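Here the structure comes first, spelled out in structure tokens, and everything after it is commentary.
It should be emphasised that the depicted structure is a prediction, and the values quoted were computed from it without experimental measurement.
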Amino acid sequence: MRADQLLVERGMAASRSQAVRLITGGMRWFDGIKWRTVVKNKDDIPEDAPLELLNDAEARYVSRGGLKLEAALKHTGLDVTDLYVLDVGQSTGGFTDCLLQAGVAQVTGVDVGHAQLHPKLRVDARVLCVEGMNARSLTPESLQEACELVLSEHWVPPTVDDPEPEAPYGWMRGGGEVTDYDDSDDADDAEIEAHIAQATGKVNARPLESSEPAADAAPKRHRRKAGLDGVDTTPEFDLVTGDVSFISLTHILPALVPLMPPEGQLLMLVKPQFELQPGQVGKGGIVRDPALYAVVEARLRQCCAEVELEVLDWFDSVLEGGDGNREFFIYAKKVA
């Protein structure tokens, strides 16, 4: 089996792309006599062969984004233990995985895409994944509503049976003699014959009922799924993290600040290629002029000032982007 595929099959890598990076960092397998080095990701390895990764840093999280955030947390000295965190641009969940391993209480992830979050995170009770939501249009109300939908199931409240009438046989009072029975609404002979004909198939059956719900039908409602009653959907977060693409943070920050309490903190990855104008970005989406990094920093600092965020730090990410672009982190807090 191919080396990269075998790593995924063994659960040693979350994806083929991660497996390739692990192989680049060093991998070998034992043939029963000696250890053999894996040179390429397509090297053929026996499915039952013992494997060893010489550098398993890439495997600590479901994506390399976790390594970026891990280094950023160390750089800032930020302790996230028991915090409630909003992860913007959750995607596969590299940031979310890092936050969980660092001890957060709960991560609410928002992503415009669907079905990207790694399975191990999707089933984690501390993770609330909201898909198909653009961070640019977030509001406290829309986020809480979306969270409740994720946690809920559709249900129809049971109908209440008509109460039994008082003295249902009151008309039989008087020694069994009927005194006030009204037969004006009883079926006549023609109606009875028509009913018998329909019941025996002698006439066409009545048309199927419309699939449209009746006007007086009980409305569908939502209730929490079993075991999720304790999940907090309050749209206020101690920390906001994020890794977004194809949009400038200047379009997102104004929507994030209302989700933070006074002194709430923000730690976002900055991708310069999405903060500049198309003419400033080189071939392949690479920012080649180092002077433009200062332009990006100044632009984001100004945006933060406008939305009442105080920038505490601006620093390089320890890893480049997958395309080779230099990336940064911006660390800020909401002005009290």
Side-chain angles (χ1 to χ4, degrees), residues 4 13-25 40-42 57-58 61-72 75 86-98 109-118 131-138 240-256 266-304 311 313-332:
D4 54 359
S15 64
R16 291 279 287 273
S17 59
Q18 186 182 64
V20 171
R21 293 192 295 271
L22 287 168
I23 292 169
T24 302
K40 298 178 180 179
N41 57 295
K42 62 181 180 180
E58 283 278 358
Y61 307 110
V62 296
S63 76
R64 66 200 306 262
L67 295 173
K68 298 178 185 180
L69 184 60
E70 177 188 70
H75 176 91
L86 176 66
D87 184 17
V88 183
Q90 189 176 40
S91 189
T92 308
F95 275 25
T96 293
D97 197 4
C98 174
V110 173
D111 200 280
V112 72
H114 293 269
Q116 298 182 66
L117 187 64
H118 192 277
E131 300 175 317
M133 176 166 278
N134 192 326
R136 185 175 186 172
S137 57
L138 275 178
V240 176
T241 65
D243 176 358
V244 299
S245 299
F246 307 107
I247 187 172
S248 168
L249 292 182
T250 59
H251 297 312
I252 296 177
L253 293 178
L256 300 182
L266 177 140
L267 184 59
M268 301 285 288
L269 185 68
V270 180
K271 298 180 176 180
Q273 66 270 36
F274 302 123
E275 303 296 337
L276 297 167
Q277 299 301 316
Q280 297 174 302
V281 181
K283 186 177 180 181
I286 305 296
V287 179
R288 303 185 186 281
D289 183 359
L292 292 174
Y293 300 138
V295 174
V296 172
E297 180 181 354
R299 185 183 183 198
L300 288 177
R301 284 181 177 275
Q302 179 181 351
C303 177
C304 285
V311 177
D313 202 354
W314 172 278
F315 55 96
D316 279 87
S317 169
V318 296
L319 297 176
E320 292 183 339
D323 55 6
N325 263 309
R326 185 176 168 189
E327 296 178 344
F328 304 87
F329 273 93
I330 187 167
Y331 178 40

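D4 contributes no side-chain N or O that, together with a main-chain N or O of R16, makes up a donor-acceptor pair within less than 3.5 Å.
When each of L253, V311, L86 is tested with L266 by the rule side chain to side chain contact (heavy atoms under 4.5 Å, CB included), just one qualifies, namely L253. Put simply, the residue from D243, T241, T96 that forms a side chain to side chain donor-acceptor pair (under 3.5 Å) with Q90 is T96.
Partners of R136 according to the salt bridge (Lys or Arg N to Asp or Glu O under 4.0 Å) rule, which considers only residues two or more places apart in sequence or in another chain, do not exist here. Partners of E297 under the side-chain contact (heavy atoms from CB on, under 4.5 Å) rule, at least two apart in sequence or in another chain, are R301, W314. Taking H75 as the reference, F315 meet the ring pair (Phe, Tyr, Trp, His ring centres under 6.0 Å) condition, with sequence neighbours excluded. Partners of K68 according to the side chain to side chain donor-acceptor pair (under 3.5 Å) rule, which considers only residues two or more places apart in sequence or in another chain, are E327. Listed by chain and residue number, R326 satisfy the side chain to side chain donor-acceptor pair (under 3.5 Å) test with D316 (two or more places apart in sequence, or in another chain). Taking Q302 as the reference, E306 meet the side-chain contact (heavy atoms from CB on, under 4.5 Å) condition, with sequence neighbours excluded. By the ring pair (Phe, Tyr, Trp, His ring centres under 6.0 Å) test, Y331 pairs with no residue at all, sequence neighbours left out. Annotation: side chain to side chain donor-acceptor pair (under 3.5 Å) contacts of E131 (sequence neighbours excluded): R122. For D97, the side-chain contact (heavy atoms from CB on, under 4.5 Å) test picks out Y61, V62, Q101, K120, L121, with sequence neighbours left out. With sequence neighbours left out, A332 forms a side-chain contact (heavy atoms from CB on, under 4.5 Å) with L309.
Taking both residues in full, the closest heavy atoms of V110 and M133 are given as CG1-O, 3.5 Å, listed atom of the first, atom of the second, then distance. Here the shortest heavy-atom pairing between F95 and L269 reads CZ-CB, 4.2 Å. Residues P272 and F328 share a closest heavy-atom pair of CG-CE1, 3.7 Å. The minimum heavy-atom distance linking A255 with A135 is given by the pair CB-O, 3.5 Å. When all heavy atoms of I252 and V244 are compared, the pair lying nearest together is CD1-CG2, 3.8 Å. Smallest separation of non-hydrogen atoms from G94 and S63: CA-OG, 3.2 Å.
Rounded to the nearest 0.5 Å, atoms CG (N325) and CD (Q273) are 4.0 Å apart. To the nearest 0.5 Å, atom NZ of residue K40 and atom CD1 of residue I23 are 12.5 Å apart.
For the ring-ring contact (aromatic ring centres under 6.0 Å, His included) condition, the pairs that include at least one residue of residues 266-286, sequence neighbours left out, are F246-F274. Screening residues 274-284 for salt bridge (charged side-chain N to carboxylate O under 4.0 Å, His left out) gives no qualifying pairs among residues at least two apart or on separate chains.
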Derivation and outcome, side chain to side chain contact (heavy atoms under 4.5 Å, CB included), residues D289 and Q280: CA-CA 8 Å; D289 183 359; Q280 297 174 302; over 6 Å; no
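Inter-residue side-chain proximity for L256 and M268 is flagged as met; some heavy-atom pair is nearer than 4.5 Å. Between L249 and C303, the closest side-chain pair of non-hydrogen atoms is not below 4.5 Å. Counting heavy atoms from C-beta on, the side chains of L292 and V281 never come closer than 4.5 Å.
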